[in-house]
Amino acid sequence: DAGVIQSPRHEVTEMGQEVTLRCKPISGHNSLFWYRQTMMRGLELLIYFNNNVPIDDSGMPEDRFSAKMPNASFSTLKIQPSEPRDSAVYFCASSPGGGGNQPQHFGDGTRLSIL
Amino acid sequence: GESVGLHLPTLSVQEGDNSIINCAYSNSASDYFIWYKQESGKGPQFIIDIRSNMDKRQGQRVTVLLNKTVKHLSLQIAATQPGDSAVYFCAEPPHANAGKSTFGDGTTLTVKP
């Protein structure tokens, strides 16, 4: 079975540039999550969707971050403009249920470096 | 505030020994916990979960224990192998009414051959 697919795997760009991270969840999963992982803060939930609708975006750091889920099989996380402190590994995860008591299936992440 | 946290950041064991990784949580209403394993360069991988109506659950070589009285859970790995070397997280997933997914900081398990 195909797992959660993220692209790109690595992104290096200069500060001020727009960054778009992409995620394809597991087919049939109703919930999608975006996380950021750093050494300092560990895994932080940025936003999550249920049935393509954003449920909680309180983890999004600031207005420079935005996420969309136009359909059940695709989501994007955008950073505009990017800053060096955004450098991290960004993970997308999906889970079958919307109620919460289900394990999440993670992609292998996008390693983002902002110079 | 509510949190899920780990007792020790690192754990080193000899191959073949049993490993125990501990985790504490603060929300007494928490009803579901998951253990994940994260290898270098990869995303967290589901190992085992447990619901609050249970105090023990076993998988293949892994056992999770839940003590609701002291708000503590542990992951036991039997006959630890070099392939078990990774970072282990306990976590609570987001809930529709809570909206928060809480991961502990992780325990790095190193298995010495």
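Lettering of chains follows the sequences in order, A, B, ..., and the numbering in each one begins at 1. Predicted, not measured: the structure shown is a model, and the values here were computed from it.
- Other residues, nucleotides and ligands place more than 12 heavy atoms under 6.0 Å from the CD atom of A:E62.
- Remark: A:D63 CG is loosely packed, at most 12 non-hydrogen atoms of other residues, nucleotides or ligands lying under 6.0 Å away.
- Interface remark: A:Q37 contributes side-chain atoms only to the contact with chain B (heavy atom separation under 4.5 Å).
- Proximity to chain A is limited to the side chain of B:Q38, based on heavy atoms less than 4.5 angstrom apart.
- Taking a 6.0 Å sphere around CZ of A:R111, one finds it holds 12 or fewer heavy atoms contributed by other residues, nucleotides or ligands.
- More than 12 heavy atoms of other shown residues, nucleotides or ligands fall within 6.0 angstrom of atom CD in B:Q14.
- There is no path of hydrophobic side-chain contacts, each under 4.5 Å, that joins A:F91 to A:I26.
- Contact detail for A:P103 and B:Y32: the closest heavy-atom pair is CD-OH, 3.1 Å.
- Taking all atoms of both residues into account, the shortest heavy-atom contact from A:Q102 to B:I34 is O-CD1, 3.9 Å.
- Taking each heavy atom of A:L43 and B:P44 in turn, the nearest pair found is CD1-CG, 3.9 Å.
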